[in-house]
**Q** 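Okay, handing you the structure first.
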Amino acid sequence: MLQKLWSTKIQFLKGVGPANAAKLAKLGIFTVGQLLEHYPRRYEDRSQLKPIAKLTDGLYETFRAVVVNVSELKSSRGLKIVKIAVRDESGLAQLSWFNQSYIKNKYKPGMELVISGKIQRRMGAIEVNKPDIELAAEFSSGSGRIAPVYPATEDVPQWQIRMLMQQAADTFQNSEFADQKETLPADIISYYKLMNRREALVSIHFPANMEVLAEARRRLVFEELYLLQCGLVYLKQKNKYTCSGVKHAPDGELVAKIHKNLPFALTNDQSQTLRDVQTDMEDTTPMQRLVQGDVGSGKTVIAAIALAKTVENGYQGAMMAPTEILAEQHYHTLAKLLAPHGVRLAVLTGKITRRVRDEVLYNIKEGIIDVVIGTHALIQDDVEFKHLGLVVTDEQHRFGVRQRARLEAKGQQPDMLVMTATPIPRTMALTVYGDLDVSVIRELPPGRQPIATYSRSNDRRDKVYSFAVEQIKAGRQVYVVCPLVQESEKIEAQSAVKIYDELSATFFENLKCGLLHGKMKSQEKDAIMAAFACGEIKALIATTVIEVGVNVPNATVMIIEGADRFGLAQLHQLRGRVGRGEHKSYCILLSDNTNEETVERLQIITQISDGFVLAEKDLLLRGPGQFFGTNQHGMPDLKIADIVRDTGILLEARRAAQQTICTPEYLDMVWQTLKSWFGEKFSMVFCR
Ligand code: ADP
Ligand code: MG
């Protein structure tokens with residue numbers, strides 16, 4: 001009897017030799033267990049067979065028909081096309097395959113088939129390209145009416161995965177094997193009325209009906225989210241009970257002075273966040289707090305006071321920002337708030353000279369510097385602190401978790417404050433930052449005017465730029481952001497240069513323009529940024545390097561070229577670069593894209609100014625994978641759960657995980673399972 005079916009090599013199944021095993025390996029499938037966890041992407045409900053005449057264009061449908069003719073032609077470009085004509089009482093349909101000659105020998109006139117595929121109606125004629133086919137005789141004797149559809153590849157066609165899955169599921173269901181235990185505690189299964197694991201793993205592939213499918217899916221989604229939450233809860237607890245960090249004293253003179261001298265009163269949300277931070281810092285447990293605040297909500301001042309608090313207690317503070325521009329900006333802001341009260345600050349970026357750097361490093365090591373602000377330069381090995389008490393990272397999603405951890409490792413369990421201006425929908429925050437405490441600054445400081453936002457097609461470009469020129473003549477400044485070119489900073493830079501050349505020869509002819517892109521040297525970038533900040537440059541043409549945190553209050557117009565290429569969250573970030581001063585500000589989105597979804601997305605941002613609401617919409621529109629545009633946010637690809645659709649289950653799973661008292665053996669199982677699911681991403685989320 002097979003003892004370890006789950007971890008048995010996939011070759012165990014009939015029909016899998018070395019060649020097929022290699023193909024399956026490309027899908028990440030090496031064992032029977034991994035095959036069973038290769039979940040269907042969708043299902044075809046075959047209980048409703050339609051006559052050919054009623055098939056709908058664009059839908060995946062299933063119908064029963066008889067072969068009337070099989071032929072092969074050659075296209076003008078030399079492709080071989082197999083065509084099979086089929087019919088039922090209501091009409092005819094054409095099935096076609098490219099370069100798959102073997103198909104023509106498989107089917108003969110008179111055979112009765114069940115055909116599934118995407119229907120294309122072309123001037124009344126029905127065509128189906130690369131359909132899935134079963135012999136009608138086998139179809140009627142087959143068990144399932146709901147057929148799974150898998151993520152397949154050229155190499156491993158749909159029918160093959162189905163066949164292997166059927167075998168695996170049958171064996172799995174029937175054999176007595178010891179290795180695949182229930183992953184969820186018995187009381188949780190019964191409390192949440194969950195299907196058992198074995199049944200769920202079979203039913204997710206071959207459900208008896210839609211109700212069973214829903215239960216199987218619910219069970220597996222729950223399992224995935226529950227184990228993930230257990231991992232996160234465990235991390236948090238471990239941190240709470242085993243680490244003793246820096247215990248800061250209640251606020252003293254320095255903090256009081258800085259607080260009193262702020263040029264404004266804190267908003268309610270800022271005050272609450274500050275109280276959260278202070279409470280955390282005064283506790284022995286290391287603080288692990290995420291502050292989420294929309295652009296311009298005033299996060300920097302929170303960081304300033306927290307840094308003052310650690311300094312007041314005799315420790316050093318470090319703040320890490322993702323770009324040099326931002327690091328310097330923070331340095332200036334913090335210096336203004338803290339230096340008058342005797343706090344000694346330094347900035348550490350990649351561009352400072354060796355000599356200055358050595359001096360700064362020495363001062364940090366000796367404790368002569370209280371607060372250092374920098375970029376990645378801060379996490380170099382030779383940066384040593386005397387006694388680091390607080391680490392602040394700004395715009396966290398730009399840093400990998402590992403980078404954050406490296407900075408933390410420079411102290412003895414320093415407190416940690418993570419600030420992000422990308423509002424993250426709650427469900428996502430729970431999944432990615434489940435181990436962090438969260439404070440939210442929703443409220444903007446008083447007196448901010450909403451930024452008038454418009455979406456315009458390129459035939460209005462003249463008007464848009466004339467308006468920009470008017471604003472410049474009235475003393476204001478303008479940003480122009482060039483289309484996003486994903487994955488290629490080089491092409492993006494080229495397009496920025498082109499737009500810069502065009503604009504400075506036309507609309508902005510007699511005005512001082514600046515160009516900013518990712519391929520420029522940091523010194524050049526800084527010079528341009530400084531010239532824009534002091535008002536010398538009137539129009540700044542830039543790529544998304546200006547996306548994060550830049551603060552020039554006199555800038556009132558943000559023009560975004562090719563706005564359709566950006567996600568809502570990103571557009572909102574860009575828009576946040578204006579509306580930072582006393583003047584009315586404008587954001588104009590240029591796009592000729594007429595795709596319905598795109599138009600809707602651009603429409604949404606003209607109407608909504610709340611970054612949190614936008615983030616929720618963005619997640620809904622683009623799905624979790626696309627949400628941040630890149631992988632850097634450390635969000636693992638979930639196997640089956642969809643955090644938009646499965647919010648309810650997520651909340652249940654989270655509650656359940658918090659109530660579970662995990663034994664070391666159980667945690668070990670959780671760890672191993674998560675590792676096998678998430679692979680590389682696992683260490684991004686969990687190895688801190
Ligand atoms: P962000 O959250 O985007 O980092 P900042 O900290 O840069 O925002 O703050 C944006 C601007 O708002 C700054 O010029 C800051 O001085 C100002 N600001 C912050 N808090 C307040 C407040 N409570 N009242 C008025 N202005 C504030
Ligand atoms: Mg900021």
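Because the structure is a prediction, the values reported are computed rather than measured. Read the numbers this way: they start at 1 and go in the same order the structure lists the ligands and their atoms. Position 1 is the first residue of the sequence, and the numbers go up from there.
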**Q** Between Met419 and ligand 1, which residue portion shows a heavy-atom distance shorter than 4.0 Å: side chain, backbone, both, or neither?
**A**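 Near ligand 1, Met419 shows nothing, with every heavy atom at 4.0 Å or more.
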
**Q** For ligand 1, is any non-hydrogen atom under 4.0 Å from Leu266's backbone (N, CA, C, O), its side chain (CB onward), both, or neither?
**A**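 Only the backbone of Leu266 comes within reach of ligand 1.
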
**Q** For the pair Tyr465 and Phe508, name the ring-plane relationship: parallel under 30°, tilted 30 to 60°, perpendicular over 60°.
**A**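 Ring orientation, 0 to 90° scale: perpendicular.
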
**Q** Just do the side chain to side chain contact (heavy atoms under 4.5 Å, CB included) check on His517 and Met520 with the steps written out, would you?
**A** CA-CA 6 Å; His517 61 68; Met520 285 163 55; 3.4 Å; yes

**Q** When you measure from the heavy atoms of Ala265 to every atom of ligand 1, does any distance fall below 4.0 Å?
**A**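 True for this residue.
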
**Q** Closer than 4.0 Å to some heavy atom of Thr267 - which atoms of ligand 1 meet that?
**A**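 Listed by number with element, the hits are 23 (N).
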
**Q** Return yes if some donor-acceptor pair links the side-chain N/O of Asp283 with the main-chain N/O of Thr279 below 3.5 Å, else return no.
**A**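 No: the side chain of Asp283 does not pair with the backbone of Thr279.
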
**Q** Can you list the ligand 1 atoms lying under 4.0 Å from a non-hydrogen atom of Arg580?
**A**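 Counting from 1, the qualifying ligand atoms are 3 (O).
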
**Q** Can we say Asp382 and Arg357 salt-bridge, meaning some charged N sits less than 4.0 Å from an Asp/Glu carboxylate O?
**A**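 Looking at Asp382 and Arg357, the cut-off is met.
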
**Q** Any N or O of Phe264 that comes nearer than 3.5 Å to an N or O of ligand 1?
**A**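 Checking ligand 1 against Phe264, no N or O pair falls under 3.5 Å apart.
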
**Q** Is there a heavy atom in Gly293 that sits closer than 4.0 Å to ligand 1?
**A**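 Flag not set, Gly293 not near ligand 1.
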
**Q** Just go through Leu326, Asp294, Ile441, Thr300 and tell me whose heavy atom is the nearest to atom 4 (O) of ligand 1.
**A**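 Among Leu326, Asp294, Ile441, Thr300, the closest heavy atom to atom 4 (O) of ligand 1 belongs to Thr300.
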
**Q** Can you tell me how the ring of Phe467 sits relative to the ring of Tyr586, calling it parallel under 30°, perpendicular over 60° and tilted otherwise?
**A**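 Taking Tyr586 first and then Phe467, their aromatic rings stand perpendicular (interplane angle over 60°).
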
**Q** State the atoms of ligand 1, each with its element, that fall below the 4.0 Å cut-off from a heavy-atom position in Ser297.
**A**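 Counting atoms of ligand 1 from 1, those under 4.0 Å from Ser297 are 2 (O), 8 (O).
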
**Q** Can you tell me which residue among Arg289, Gln288, Arg275, His248 is in a side chain to side chain contact (heavy atoms under 4.5 Å, CB included) with Asp280?
**A**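 Exactly one candidate clears the test, Arg289.
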
**Q** By side-chain contact (heavy atoms from CB on, under 4.5 Å), which residues pair with Asp269, not counting sequence neighbours?
**A**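 Partners of Asp269 by the side-chain contact (heavy atoms from CB on, under 4.5 Å) criterion, ordered by chain and then number, come out as Thr267, Ile441, Arg442, Glu443.
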
